[in-house]
Amino acid sequence: MPDIQLRFHRDMLVLSSPVAPVLARQGFTEAGDVEYVTLMEPEAVEDALRLNLVAGAQCLVTETAGMTPPRLAHHGMADRMPELAKAALDTANKLRPQHVLVEIGPCGLPLDPSSKASLNENRDQYARAARACEGMQLDAFFLNGFANPSDLKCALMGVRQVSGLPVFASVDVAADGTLADGRSTFAEALSVMAEFEASVAGFSTKAPLVDACALAKQAATTPLPVLAQLDVVRHDPKQGQATEENPYYCPDVAVDAALTLRAAGAQFLRATGAATPAYAGALAAAVDGTDAHRPDVEL
């Protein structure tokens, strides 16, 4: 497995789409199902990841977004974090992808940015999740789905406390650059990523492609490689054309999106939300064999 850092600012790379939409077709639709399936029926997760690999995704993302202690406790799995980490990584590595990223989502604890005790408690949740992967084979951590800079700061500090591996960081952003908390901005999140040693600056958005490209250009003003995630609201090929509410309605749309995002400065691409492995295939086919493009941008 090559060092993923050697590919920063060089190769266009695609991350696997979420496993959840594939599992949903098998009846796993409740919160906590993904963690349960990873532990108890890893073959189902393996099959979903294999579809992404066959489609062309170079980076497989483990189904471990809920691996922090509070989220596992909520699903009655408080003592199974090391077991979940091992099962997820064993499943992904079994397929021998080019790279494996361990996803960690927001821990869900209340956070008071003015309280040192609150910040430390939140930071510890992410440190414990990263520590559960010690000694295992992975290329990077993937801090994903964050809604505000304070939580992201805790996550970056926690992971950096226990690991020197690359860290991809991504926040959920609206078309106007507002984060999912409704108060913070993408610019603030990018500052946190730079200050607290993120290796890749990322975002996820439901916004139309023109706005997604503007976000990619904004991220490209940092020295970090850029990850652009297109959040598919609904996979609906019958829709016929892109709408503001659901711009990424079918995998075909992802082909032009990949090329446009590359021109805007994104190196890592992913379709998330309701995306199927076919979206990963469309992104991979569009940028196959191309180098990352770093535009000269002025915002």
Side-chain angles (χ1 to χ4, degrees), residues 1-19 48-65 88-89 91-93 95-104 137-145 165-171 193 198-205 209 212-213 215-217 219-220 222-232 248 251 253-273 275-295:
M1 192 180 297
D3 185 346
I4 197 169
Q5 288 182 288
L6 297 177
R7 307 183 78 172
F8 285 179
H9 300 301
R10 294 180 181 274
D11 306 323
M12 292 297 299
L13 298 173
V14 172
L15 278 59
S16 59
S17 62
V19 167
L49 290 175
R50 182 181 288 107
L51 289 173
N52 277 276
L53 195 63
V54 171
Q58 298 92 351
C59 307
L60 293 188
V61 178
T62 63
E63 286 300 314
T64 51
L89 281 165
T91 299
N93 284 314
L95 297 171
R96 302 178 66 83
Q98 293 184 32
H99 303 289
V100 173
L101 277 59
V102 170
E103 182 176 4
I104 303 174
Q137 187 177 354
L138 66 148
D139 288 89
F141 288 101
F142 179 22
L143 300 176
N144 189 33
L165 287 173
V167 181
F168 288 52
S170 181
V171 290
M193 292 177 196
S199 308
V200 174
F203 66 89
S204 174
T205 189
L209 183 58
C213 287
L215 295 171
K217 288 180 179 180
T222 74
L224 302 175
V226 176
L227 162 66
Q229 298 188 84
L230 302 178
D231 191 344
V232 178
Y248 312 110
V253 176
V255 175
D256 287 338
L259 296 172
T260 308
L261 287 166
R262 174 184 176 272
Q267 176 186 0
F268 296 92
L269 303 174
R270 189 188 193 208
T272 186
T276 63
Y279 282 83
L283 293 172
V287 297
D288 181 44
T290 62
D291 295 332
H293 173 65
R294 196 75 176 180

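Owing to the predicted nature of the structure, the values given are computational and were not obtained by experimental measurement. Hydrogens, waters and symmetry mates play no part in the numbers below; they use all other heavy atoms, side chains included.
In this model, a donor atom of one side chain and an acceptor atom of the other lie less than 3.5 Å apart for Q98 and R7. Judged purely by distance below 3.5 Å, without hydrogens or angles, the side chains of Q58 and D11 never pair a donor atom with an acceptor atom.
Taking CZ of F8 as the reference point, atom CG of L13 lies at 9.0 Å (rounded to 0.5 Å). Rounding to the nearest 0.5 angstrom, the gap separating the CD atom in Q229 from the CG atom in L261 is 11.5 Å. From C59, atom SG reaches atom CD1 of I4 across 4.5 Å, with rounding to the nearest 0.5 Å. With values rounded to the nearest 0.5 angstrom, M12 atom CE is found 5.5 Å from T290 atom OG1. To the nearest 0.5 Å, atom CG of residue N52 and atom OG of residue S17 are 3.5 Å apart. Separating the CG atom in L215 from the CZ atom in F203 is a distance of 5.0 Å, to the nearest 0.5 Å.
Listed for the D3 side chain is a donor-acceptor partner under 3.5 Å among the backbone atoms of Q5. With hydrogens and angles ignored, the 3.5 Å screen pairs a side-chain donor or acceptor of Y248 with a backbone N or O of L209. Panel note: side chain D139, backbone L101; no donor-acceptor pair is recorded below 3.5 Å. A distance-only check finds a donor-acceptor pair linking the side chain of E63 to the backbone of V19 [under 3.5 Å]. A distance-only check finds a donor-acceptor pair linking the side chain of Q267 to the backbone of H9 [under 3.5 Å].
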Worksheet entry | Derivation and outcome, side chain to side chain contact (heavy atoms under 4.5 Å, CB included), residues V200 and L224 | CA-CA 5 Å; V200 174; L224 302 175; 5.8 Å; no

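In plain terms, the two heavy atoms of A286 and A258 that are nearest each other are CB-CB, 3.7 Å. The shortest non-hydrogen separation linking A220 to A264 is CB-O, 4.1 Å. Nearest heavy-atom pair, A266 versus L269, reported as atom, atom and distance to 0.1 Å: CB-CD2, 4.0 Å. For S170 against S204, the heavy-atom pair with the smallest separation is OG-N, 3.6 Å. Taking every heavy atom of both residues into account, A88 and T64 meet most closely at CB-CG2, 3.4 Å. Between S16 and V61 the shortest heavy-atom distance is OG-N, 2.9 Å.
At a threshold of 4.5 Å between non-hydrogen side-chain atoms, the residues F142 and R270 count as touching.
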